[in-house]
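Reading through the structure tokens given below for one structure.
What you see below is based on every heavy atom in this structure, not just the backbone, and it leaves out hydrogens, waters and symmetry mates. Note on naming: letters A, B, ... go to the chains in the order of the sequence lines (proteins, then strands), and numbering restarts at 1 for each one.
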Protein chains: 2
Amino acid sequence: MRNRRNRLQLIISIIKKNNIGNQNDLARILRSYGIDVTQATLSRDLKALKVTKVASDKGEYIYIIPDNNELQDSMLQRGMHSIPSGQQAGFVSINFSGNIVVIKTRNGYAPGLAYDIDMSKSPLIIGTIAGADTIFIVLKEGVSRDEAIHFFSRFVPMD
Amino acid sequence: MRNRRNRLQLIISIIKKNNIGNQNDLARILRSYGIDVTQATLSRDLKALKVTKVASDKGEYIYIIPDNNELQDSMLQRGMHSIPSGQQAGFVSINFSGNIVVIKTRNGYAPGLAYDIDMSKSPLIIGTIAGADTIFIVLKEGVSRDEAIHFFSRFVPMD
DNA sequence: GGAATTTTTGCATATTAATGCAAAATTGTT
DNA sequence: AACAATTTTGCATTAATATGCAAAAATTCC
């Protein structure tokens with residue numbers, strides 16, 4: 001049969017256009033195109049096309065043609081790198097982990113220091129949050145450890 | 001049960017590591033972790049996680065967590081890319097860095113928005129913390145940028 | 001063309017997945 | 001803590017999907 005290839009083609013376009021949720025519905029639509037096959041064949045077709053059924057946000061199932069790449073972003077987890085404290089007001093320590101900087105201060109000092117860091121409007125930083133004695137700073141992706149160290153040396157002792 | 005979210009996480013990691021092909025096998029593996037649920041529950045879990053079964057190159061079926069580009073495409077076809085207007089109040093910006101999301105708001109709005117995000121109880125999120133104008137959200141390991149973007153589009157404009 | 005070989009299909013059925021419903025567990029409220 | 005409201009789950013069953021096998025088509029080879 002020369003039909004199989006055409007049918008597979010048609011199935012793809014039907015699945016992309018309509019919201020098909022099961023193989024019987026698909027068979028029905030194919031029939032309206034003059035193609036008459038059983039559910040068993042469609043099961044094989046969908047397997048060949050790697051079509052899968054997935055839940056939509058509406059709570060119903062629809063067929064999609066998934067990407068063939070298995071995505072796995074692995075988290076970069078660098079070890080902590082501690083730096084001895086100096087005599088900056090309230091400063092206790094600064095540590096890096098991945099793209100996060102954690103600054104510890106004596107109690108009550110964190111908000112003030114965080115404010116200063118915020119006000120620098122550094123493009124290296126996408127956000128800071130301060131508790132009473134801890135500041136979390138999220139660095140922009142791609143910022144190197146050295147860049148960060150250089151920047152933070154404006155605020156705290158970094159040797 | 002507080003177990004559900006843990007189970008969902010475990011399911012994700014099991015599916016990514018092993019080649020699971022049906023819900024009974026999954027149940028069996030979960031049982032080896034001390035988690036005992038029925039196939040019915042797993043069907044619901046997989047629906048919630050948008051896990052789908054797809055033919056591998058070996059000719060067998062395995063579960064995967066599909067690429068969200070495809071999902072978004074099919075969502076867009078269904079015309080569901082609207083953002084509830086009430087949930088944009090005070091929003092300023094959203095940025096990603098590694099597994100951290102930083103949302104900036106106008107002063108005072110962060111706690112409310114963070115609360116809404118918390119209440120969504122997304123399995124993608126490990127935790128959130130809010131200051132006055134900034135929210136930090138830590139994503140679960142393995143959550144792709146696309147997945148995250150899709151999720152946060154429920155809360156803030158992402159275009 | 002015709003026999004041999006490979007591919008595709010339907011049938012019947014086994015396997016797998018989804019769901020209505022009531023009960024149990026959890027969460028929210030006061 | 002007690003009650004109400006919501007969520008989660010299992011059971012039982014239905015719905016949907018996959019597949020062994022034999023037959024029908026298509027393809028290849030002489």
Inset, instruction - Among the candidates dC11(C), dT17(D), dT9(D), find the nucleotide nearest to the side-chain atoms of R7(B). - result: dT9(D)
Inset, instruction - Determine whether I117(A) and F152(A) make a side-chain contact, defined as any pair of heavy atoms from C-beta on separated by less than 4.5 Å. - result: yes
Inset, instruction - Please state how far atom CD in E60(B) lies from atom P in dT15(C), giving the value in whole angstrom units. - result: 17 Å
Legend entry - Closest-nucleotide ordering on DNA chain D, the 5'-leading residue of T41(A) and N24(A): N24(A)
Legend entry - Presence of K53(A) side-chain N/O under 4.0 Å of dA17(C) phosphate oxygens OP1/OP2: no
Legend entry - Length of the line joining R44(B):CZ and dA12(D):P, which is rounded to integer Å: 14 Å
Legend entry - Atom-pair distance (CG on L42(B); P on dA17(C)), nearest Å: 10 Å
Inset, instruction - Find the distance I11(A):CD1 to dT17(D):P and express it as a whole number of Å. - result: 13 Å
Legend entry - Value rounded to 0.5 Å, distance of OG1 in T128(A) from CD1 in I135(A): 7.0 Å
Inset, instruction - Take the protein atom CD1 of I35(B) and the nucleotide atom P of dG10(D), then report the distance between them rounded to whole Å. - result: 11 Å
Inset, instruction - Please confirm whether any donor atom in the side chain of Q39(A) sits under 3.5 Å from an acceptor in the base of dA18(D), or the reverse. - result: yes
Inset, instruction - Examine dG10(C): is either OP1 or OP2 under 4.0 Å from a nitrogen or oxygen in the side chain of T38(A)? Give yes or no. - result: yes
Inset, instruction - Have a look at D25(A) and say if it touches a base, only the backbone sugar-phosphate, or nothing, with a 4.0 Å heavy-atom cut-off. - result: nothing
Inset, instruction - Determine: side-chain N/O of Y61(A) to OP1/OP2 of dT17(D), distance under 4.0 Å, yes or no. - result: no
Legend entry - Neighbour count above 12 (heavy atom, 6.0 Å) for Q9(A) CD: no
Legend entry - Closest non-hydrogen atom pair, A114(B) against A130(B): CB-CB, 3.6 Å
Inset, instruction - Would you mind reading off the distance between L8(B) atom CG and dT7(D) atom C1', rounded to a whole angstrom? - result: 13 Å
Legend entry - dT17(D) OP1/OP2 closer than 4.0 Å to side-chain N/O of K47(A): no
